[in-house]
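Just below is one structure, and these are the notes that go with it.
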Amino acid sequence: MSGEPKILVVDDEIVVIKSAQRVLGSEGYDVEGALGGREAILKLEQGNYDLVFTDLKMPEVDGITLIRWIKKSKPSTGILIITGYPSQDTIKEALDLGIIDYVPKPFTPSVLLDVTKRAVAWVEGKKPEEKKVSEEFPPAMAAELDRVIEQYKSRPGSLIPVLQRAQEIVGYLPPVVQKRISKGLNMPDAEVHSVVSFYSFFTMKPRGDHNIRVCIGTACYVKGIDKVVHKIKENLKIDIGETTESRKFSLEGVRCLGACGLAPVMMIDQETYGALTASKALSVIREYDPTVGEAASAQEEELAEKEG
Ligand code: FES
């Protein structure tokens with residue numbers, strides 16, 4: 001990929017295109033829009049795009065038809081879907097066609113950016129030779145992973161259990177691990193990658209001792225999870241998708257933790273914490289590490305003393 005990643009957003013709602021342009025444009029991505037499948041094909045015929053985000057339900061040429069066309073005519077383009085109704089059937093059909101990931105509609109800026117960054121890395125990652133990645137993967141782990149693949153290989157529906165075991169063995173699922181699995185199970189790389197991206201319990205980055213998952217789904221967003229996330233980021237000094245320097249905490253944004261009635265919600269490892277406020281979230285994190293935010297709270301106390 002030379003220069004900024006070029007992205008085409010295809011949706012019959014102009015507001016979706018505009019907000020994607022605003023969010024991704026401010027991060028330096030070159031974003032164009034098309035109001036339907038037909039317009040998208042015309043644009044794709046005239047130039048190349050690194051990524052195409054497409055809605056599925058559109059009049060005339062719909063998303064699935066567009067995806068099929070891209071796969072045939074522009075196979076090196078990464079495809080993502082934007083959908084308000086991620087039913088298993090539509091996602092399954094799109095996954096079968098080899099999409100990279102999906103973005104829920106409406107999306108929050110952080111979800112869109114996170115998914116885009118991963119998709120760009122995936123498109124770029126298709127090019128480097130395997131040599132570099134294989135060095136990151138200790139032989140003992142590789143042997144254990146091969147043993148698991150061998151054990152599941154002939155069973156139907158083996159991908160998810162193999163990925164779960166691989167994550168236990170390696171700690172996360174970098175491209176080199178995904179490749180080994182797709183080769184071992186004899187399935188396309190893109191299919192393995194799509195499943196890893198789709199389920200929030202899989203991660204492509206190393207995690208800290210404690211994994212904090214904040215829900216940025218609609219119910220939690222409406223109840224103010226953004227303030228909670230801001231507080232956590234500020235105190236842990238990391239962004240979503242990162243791990244603290246101490247390797248104590250990782251922070252992940254997920255689309256729904258299945259506890260919308262308790263919104264806003266976060267999970268730390270297997271524990272769920274609901275009805276959060278920014279300060280409640282911080283005190284919960286301090287139960288895991290009392291030193292978190294020490295400097296900031298000392299400053300606050302000093303300030304309060306002066307004011308008092
Ligand atoms: S939207 Fe947050 S738990 Fe469902």
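Order of appearance sets the numbers: ligands from 1, and atoms from 1 within every ligand. Quick note: numbers below take in every heavy atom, side chains included, and nothing from hydrogens, waters or symmetry partners. Computed from a predicted model, the values in this text were never measured in an experiment.
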Give a yes-or-no answer on whether the side chains of [X] and [Y] include a donor-acceptor pair shorter than 3.5 Å.
X: Asn211; Y: Glu252; result: yes
X: Lys6; Y: Asn48; result: no
X: Tyr29; Y: Gln21; result: no

ask   = Quick one: do Arg247 and Asp209 make a salt bridge, cutoff under 4.0 Å?
value =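 Salt bridge: no.
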
query = Any Lys/Arg nitrogen of Arg165 or Glu144 sitting under 4.0 Å from an Asp/Glu carboxylate oxygen of the other?
reply =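 Result for this pair is yes, salt bridge flagged.
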
query = What protein atoms of element N, O or S are positioned under 2.8 Å from atom 2 (Fe) of ligand 1?
reply =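 Listed by chain and number, the nearby protein N, O or S atoms are Cys215 SG, Cys220 SG.
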
inquiry  = Whether the side chain of Lys153 engages the backbone of Ser158 through a donor-acceptor N/O pair (distance < 3.5 Å, no angle test) should be reported.
reply    =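 Not confirmed, Lys153 side chain does not pair with Ser158 backbone.
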
